[in-house]
Amino acid sequence: MILRHLFSPPNNIRLGHLCGPMDEHLRTIEVALQVKIAHRHEQFKVDGTKANAKRGMEMLQALYEMAARPIDTATIQLMLAGDPDMVDADSMALKTKRNDLRARTLNQATYLDNIALHDITFGIGPAGTGKTYLAVAMAVDALQRSAVQRIMLTRPAVEAGERLGYLPGDLAQKIDPYLRPLYDALYELMGFEQVQKALERQTIEVAPLAFMRGRTLNNAFVILDEAQNTTPEQMKMFLTRIGFGSKAVVTGDVSQIDLPKTQLSGLIDAERVLKRVDGIAICRFTSADVVRHPLVARIVDAYDAPGRINLYRRDDADPEVPAVVARPRNRKKLV
């Protein structure tokens, strides 16, 4: 199917920003939607299947409207990652530094609704699906509206398959690398100065999971990130810290567990134990919800392909029994 559109009134600056350097933005859309885009001045033609051609033309129209300034590649990729059929995607306006923050897929919209309606919400899925970022955005929004008095961000201090040894510095400097992704989200959503002031006033607290034991968190928005690296005992300890007027969000990716192979993940255990408990919501993300570079979704699909043997997968039939890694048979020594 071929769709044609004339951008009127013509604006060469907007057209240049729409197409990008050397038509880079148009080529990105072509590859992602499997369409062909031709243009001459303000006249554009999109050739492809009916659905893809229609979506391509809708993207061009939307980009033309926002093309008063240069458009970066990330904006194009986020628009391509979004679900065009999603309804009421912008119904929940979050009060953060980013005024364009919204759910981009149906699962993300459900995730935000679950956080708003439940005291404890689990967000489980692959990297790049916005689990942590959206949770931090909801926490910032709640703090700005005075719905909570403070934000508590925590994650287990577990290396991703590496052994870093003894880190230099005091305790804060030692744990800082593990918590850096949480700081990055806060800086983007609130601004560096505002975050620093909130940290000084302890309105925002970022700490490793080990520091949570013995605490009761009232009127707080609590986020446990990288929860796949907790043990069942740690997960129970965290969930029982929740006090009156508090919300908790637990995020993790069960395909990236860095615990020893004999250790059951607390996130897998919690999903099975708590799936029928009232007041707790569990939201599952897939590669279709990835809002990073388009390659990330394809990488996730490749690693999760049904025919691929995953030596690190925990046994779903019996969570107490670790998956057995097949070893090659002993071979006779060569003489």
Taken to the nearest 0.5 Å, the spacing of D258 CG from N229 CG works out to 4.5 Å

Does the side chain of T121 reach to within under 4.5 Å of the side chain of I280, using non-hydrogen atoms?
-> no

Salt bridge (charged side-chain N to carboxylate O under 4.0 Å, His left out) partners of D23, counting only residues at least two apart | R27

Hey, could you give me the CG/CE distance between D269 and M235, rounded to the nearest 0.5 Å?
-> 8.5 Å

Looking at side-chain heavy atoms only, is the closest gap between I268 and I257 below 4.5 Å?
-> yes

Measure the spacing between CG of L33 and CE of M57 and express it to the nearest 0.5 Å.
-> 11.5 Å

Below 4.5 Å, heavy atoms only, C-beta onward: do L267 and I124 meet side chain to side chain?
-> yes

Can you name the residues that form a ring-ring contact (aromatic ring centres under 6.0 Å, His included) with F7, not counting sequence neighbours?
-> H5, F44, Y64

Is any side-chain heavy atom of Q194 closer than 4.5 Å to a side-chain heavy atom of Q144?
-> yes

Can you tell me how far CD1 of I29 sits from CG of N52, rounded to the nearest 0.5 angstrom?
-> 12.0 Å

Listed once per pair and sorted, the ring pair (Phe, Tyr, Trp, His ring centres under 6.0 Å) pairs that draw on residues 111-149, sequence neighbours left out = Y111-F285

Is there a donor-acceptor pair closer than 3.5 Å between any side-chain N or O of Q228 and the backbone N or O of S255?
-> no

Would you check, one step at a time, whether the test side chain to side chain contact (heavy atoms under 4.5 Å, CB included) holds for I282 with E271?
-> CA-CA 8 Å; I282 299 176; E271 184 181 11; 4.0 Å; yes

Residues in side-chain hydrogen bond (donor to acceptor under 3.5 Å, both in side chains) contact with E42, at least two apart in sequence or another chain = none

Working to the nearest 0.5 Å, report the span between CG of N107 and CG of N114.
-> 10.0 Å

So, T110 side chain and L106 main chain: donor-acceptor pair closer than 3.5 Å or not?
-> yes

Heavy-atom check, side chain of Q108 versus side chain of L112, under 4.5 Å | no

Does M22 belong to the same Ile/Leu/Val/Met/Phe/Trp/Tyr cluster as V31, with side-chain heavy atoms less than 4.5 Å apart forming each link?
-> no

What distance separates I242 CD1 from D119 CG, expressed to the nearest 0.5 Å?
-> 9.0 Å

State, yes or no, whether a side-chain contact exists between L26 and L60 at a heavy-atom distance under 4.5 Å.
-> yes

Derivation and outcome, salt bridge (charged side-chain N to carboxylate O under 4.0 Å, His left out), residues K131 and E226 = CA-CA 10 Å; K131 305 181 301 295; E226 299 290 339; over 6 Å; no

Evaluate side chain to side chain contact (heavy atoms under 4.5 Å, CB included) for I2 paired with V46, printing each intermediate quantity in order.
-> CA-CA 6 Å; I2 299 178; V46 181; over 6 Å; no

Q234 (side chain) donor-acceptor with T231 (main chain) under 3.5 angstrom | yes

Any ion pair linking K36 and D47 (charged N to carboxylate O, less than 4.0 Å)?
-> no

Do T154 and F238 have side chains that get closer than 4.5 Å, going by heavy atoms?
-> yes

Review item, side-chain donor-acceptor pairs of residues 65-72, under 3.5 Å, at least two apart:
| unit_1 | atom_1 | unit_2 | atom_2 | d |
| --- | --- | --- | --- | --- |
| D72 | OD1 | T75 | N | 2.9 |
| D72 | OD1 | T75 | OG1 | 2.6 |

Are the side chain of K247 and the backbone N or O of A116 linked by a donor-acceptor pair below 3.5 Å?
-> yes

Verify side chain to side chain contact (heavy atoms under 4.5 Å, CB included) between L63 and I76, making sure each step is shown before the conclusion.
-> CA-CA 8 Å; L63 290 170; I76 307 293; 3.6 Å; yes

Is the closest side-chain heavy-atom distance between I37 and V35 below 4.5 Å?
-> yes

Report, as yes or no, whether the 6.0 Å neighbourhood of atom CD on Q34 holds more than 12 heavy atoms from other residues, nucleotides or ligands.
-> no

Derivation of the side-chain hydrogen bond (donor to acceptor under 3.5 Å, both in side chains) call for Y187 and Q196 | CA-CA 9 Å; Y187 292 148; Q196 290 301 314; 2.9 Å; yes

Mind listing the closest non-hydrogen atom pair of S265 and L259 along with its distance?
-> CA-CD1, 3.9 Å

In terms of hydrophobic clusters joined by side-chain contacts under 4.5 Å, are L224 and V273 together?
-> yes

Would L239 and L274 count as a side chain to side chain contact (heavy atoms under 4.5 Å, CB included) if you check the C-alpha gap in whole Å, the side-chain angles of each, and the deciding distance to 0.1 Å?
-> CA-CA 11 Å; L239 294 175; L274 304 175; 3.5 Å; yes

Acceptor/donor pairs from residues 198-223 side chains to any protein atom, 3.5 angstrom cut, sequence neighbours excluded:
| unit_1 | atom_1 | unit_2 | atom_2 | d |
| --- | --- | --- | --- | --- |
| E205 | OE1 | R215 | NH1 | 3.4 |
| E205 | OE1 | R215 | NH2 | 3.1 |
| E205 | OE2 | R215 | NH1 | 2.8 |
| N218 | OD1 | F244 | N | 2.8 |

